[in-house]
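In what follows, a single structure is set out as structure tokens and then discussed.
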Amino acid sequence: MAFYVTTPIYYVNAAPHLGHAYTTIGADILARHHRQRGEEVFFLTGTDEHGEPVAKVAEAEGVSPKELADRNAQRFLDLLPRINVSNDFFIRTSDPRHKQRVQEVMQRVHDNGHTYKGIYEGWYCPKCADFKTEGEIAEGNTCPIHRIPLDREHEENWFFRLSTFEQPLKELYAQRPDFVAPKTRYNEALAFINGGLQDVSLSRAKITWGVEVPWDPAHVFYVWFDALLNYYTALSFARDGEDLTDTFWPASYHILGKDILKFHAVFWPAMLLAAGIPLPERELIHGYLLMRDASGEETKMSKSLGNVLDPFEVMDTFGTDALRYYCFREVSFGNDGGVSTTTFGERYEFELANEYGNLASRTLAMIGRYRGGTVPDVDVDAALRPDFERLADEVAELLDHAEITQALDRIWQRVRRLNRYVEERAPWQLAKDDGKADELDVTLRSLAEGIRTVTVLLHPYVPETAAKLLAALGQEDLALETAAFGARPGGGAVTQVPPLFPKPQ
Ligand SMILES: [Zn+2]
């Protein structure tokens, strides 16, 4: 089994923010989970470096576009260890190996008769690097996203015959209702296709910072075509001396934000069809994390006063796992939802520190105090078994559909079950009565097993914490099959852990 997951490549001029971290962590959760299943996994992220915006900023700063791209790509490279993601490769589209592969694929599109030369005239947003259709132009010929005046562009371009693919795309959407998830985004993409597809400009003649069109080197490819192809080209050179394309293509999952839906759900499959390359299996479109400002109004990533969650501050103060957990717990992946320092603080204290961290450190402390640090070698409590039966399967089934938040919720229900179990059994009371030693044994063994089981399943979400806790429980193996309640024999030694989610200093 092979599993291939991608993030969008991030535009190199942007500064990394919570949105980038969110998408990348989402992909990381899936990658880590599939590794736990023993599958061969490839996880790709990277930077999109061509196009007019990079060339313009470089010119203003008096450096070459490549120098600017090198400097800015580093900021995204630096983000990866901070959010603790396990990507297998980082692609940069200025890489000559990517460019060569783009040229090969696009030459096939050309040879297959899906391009022609024409005159393009239209309204163009240099920041979007996109020509706007009638419906996408705001008042006074401005960009509705950037609120800047659009340029009237008139130039000779190569065109891609997108219109040819209207029918094949309709068939794709009819045959594969899970090609795009969630359903609202599937419907949105399909509506765009049903609205009629126009041919699109494939090249630019005025720009030199890009991938040269091999059959007409006075042109470079329009940045979107070059960027989308990263998902395919990376496999051919990510591992030295090896071509991974046959192993990992088609991709299992492209993960992306809704602002780039049209490119991924319409242009991208059409390009692949034109080149005769198999289509990715699924695309998962996530929503935005909306910041609640002091008045409670939700705004997209704005720096309003008060309640704004700064991901870097959160990671510095509370650790990377806390951010990873919160983003996927608070907002259902796929939907928009509000995030704030208030709800972060609540979830950190009630859920991570109390329900999970305290449960674990109390259990380890009681095994230390009452049983000399050895998990009693007795059967687990039959009363808890039904609560844990099929848990790992449930989580795997949900993650097969990228239901990252729902899977986390299932795990957390068991964390809460274990908390109730501690209250029901009151091991500190059992410890006072020698006649209840057997009961105490069963209770401690069951708690150790319950915590171990949920922790194996929580590894994709909170990898640092899971590693610490599993080490304290004497387990190194992360395999999903070990997440079975009672699977690890009793009699093993445990060690103590410092508070897993301490109060910040
Ligand atoms: Zn724009």
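The structure presented is a predicted model; accordingly, all values stated were derived computationally and were not measured.
Salt bridge Asp48/Arg92: absent, no basic N to carboxylate O contact under 4.0 Å. We find that Arg101 and Asp226 are not joined by a salt bridge, their nearest charged nitrogen and carboxylate oxygen being 4.0 Å or further apart. A salt bridge between Glu153 and Arg204 is present, with a side-chain N of the basic residue lying under 4.0 Å from a carboxylate O of the acidic one. In summary, Asp400 and Arg37 engage in a salt bridge, as defined by a charged side-chain N under 4.0 Å from a carboxylate O. The pair Asp28-Arg324 meets the salt-bridge criterion, with a side-chain N (NZ, NE, NH1 or NH2) lying under 4.0 Å from an Asp/Glu carboxylate O. Ionic pairing of Arg35 and Glu39 is not present here: no N-O contact between side-chain nitrogen and carboxylate oxygen is shorter than 4.0 angstrom. Salt bridge Lys56/Glu61: absent, no basic N to carboxylate O contact under 4.0 Å. Of the charged side-chain nitrogens involved, at least one lies within less than 4.0 Å of a carboxylate oxygen, so that Arg82 and Asp316 count as a salt-bridged pair.
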Step-by-step side-chain hydrogen bond (donor to acceptor under 3.5 Å, both in side chains) determination, Ser94 to His50: CA-CA 7 Å; Ser94 61; His50 287 131; 5.7 Å; no

Candidate pair Tyr10 and Thr24, rule side-chain hydrogen bond (donor to acceptor under 3.5 Å, both in side chains), full reasoning: CA-CA 10 Å; Tyr10 303 120; Thr24 314; 2.7 Å; yes

Verdict with reasoning, Leu398 to Ile404, per side-chain contact (heavy atoms from CB on, under 4.5 Å): CA-CA 7 Å; Leu398 286 164; Ile404 293 176; over 6 Å; no

Audit row: Tyr4, Phe42, ring pair (Phe, Tyr, Trp, His ring centres under 6.0 Å) steps and yes/no: CA-CA 5 Å; Tyr4 177 27; Phe42 198 80; 5.8 Å; yes

Verdict with reasoning, Leu150 to Ile137, per side-chain contact (heavy atoms from CB on, under 4.5 Å): CA-CA 8 Å; Leu150 297 170; Ile137 298 171; 3.9 Å; yes

Criterion side-chain hydrogen bond (donor to acceptor under 3.5 Å, both in side chains) on Thr343 and Glu346, from CA distance to verdict: CA-CA 5 Å; Thr343 55; Glu346 288 165 3; 5.9 Å; no

Trace of the side-chain hydrogen bond (donor to acceptor under 3.5 Å, both in side chains) decision for Asp70 with Gln74: CA-CA 6 Å; Asp70 286 347; Gln74 192 58 45; over 6 Å; no

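Side-chain contact between Pro280 and Trp268 is present, with at least one heavy-atom pair separated by less than 4.5 Å. In this structure, Leu202 and Asn157 have side chains that are not in contact, with every pair of non-hydrogen atoms separated by 4.5 Å or more. Residues Glu136 and Trp123 are not in side-chain contact: their nearest non-hydrogen atoms beyond the backbone lie 4.5 Å or more apart. Looking only at side-chain heavy atoms (C-beta outward), Leu500 and Val462 stay at 4.5 Å or farther from each other. Counting only heavy atoms from C-beta outward, the side chains of Lys503 and Tyr348 never approach each other to under 4.5 Å. Contact of the Arg32 side chain with the Leu478 side chain is not registered, since no non-hydrogen atoms from C-beta on lie closer than 4.5 Å. Two residues are said to be in side-chain contact when any heavy atoms from C-beta on lie closer than 4.5 Å; Leu229 and Phe221 fail this criterion. Looking at heavy atoms from C-beta onward, Phe318 lies out of side-chain contact with Tyr326 at the 4.5 angstrom threshold.
With sequence neighbours excluded, no residue forms a side chain to side chain donor-acceptor pair (under 3.5 Å) with Arg176.
A centroid separation of 6.0 Å or more is found between the aromatic rings of Phe43 and Phe89. Within the 6.0 Å centre-distance limit, the rings of His254 and Tyr231 are counted as a close aromatic pair. Aromatic pair Trp224/Phe267: ring centres not closer than 6.0 Å. Less than 6.0 angstrom separates the ring centroid of Tyr356 from the ring centroid of Trp412. Two rings, from Tyr173 and Phe179, have their centers less than 6.0 Å apart. Taking the six-membered ring for Trp and the full ring otherwise, Tyr22 and Phe328 have centroids separated by under 6.0 Å.
For Ser163 and Asp199, the side-chain atoms include at least one donor-acceptor pair closer than 3.5 Å. At a cut-off of 3.5 Å, with distance as the only test, no side-chain donor of His114 or Thr164 sits close to an acceptor on the other residue. Remark: the Tyr461 side chain and the Asp321 side chain contain no N/O donor-acceptor pair separated by less than 3.5 Å.
Rounding to the nearest 0.5 Å places CD of Gln167 at 11.5 Å from CG of Leu172.
The environment of CD in Glu476 is sparse: at most 12 heavy-atom neighbours from other residues, nucleotides or ligands sit within 6.0 Å.
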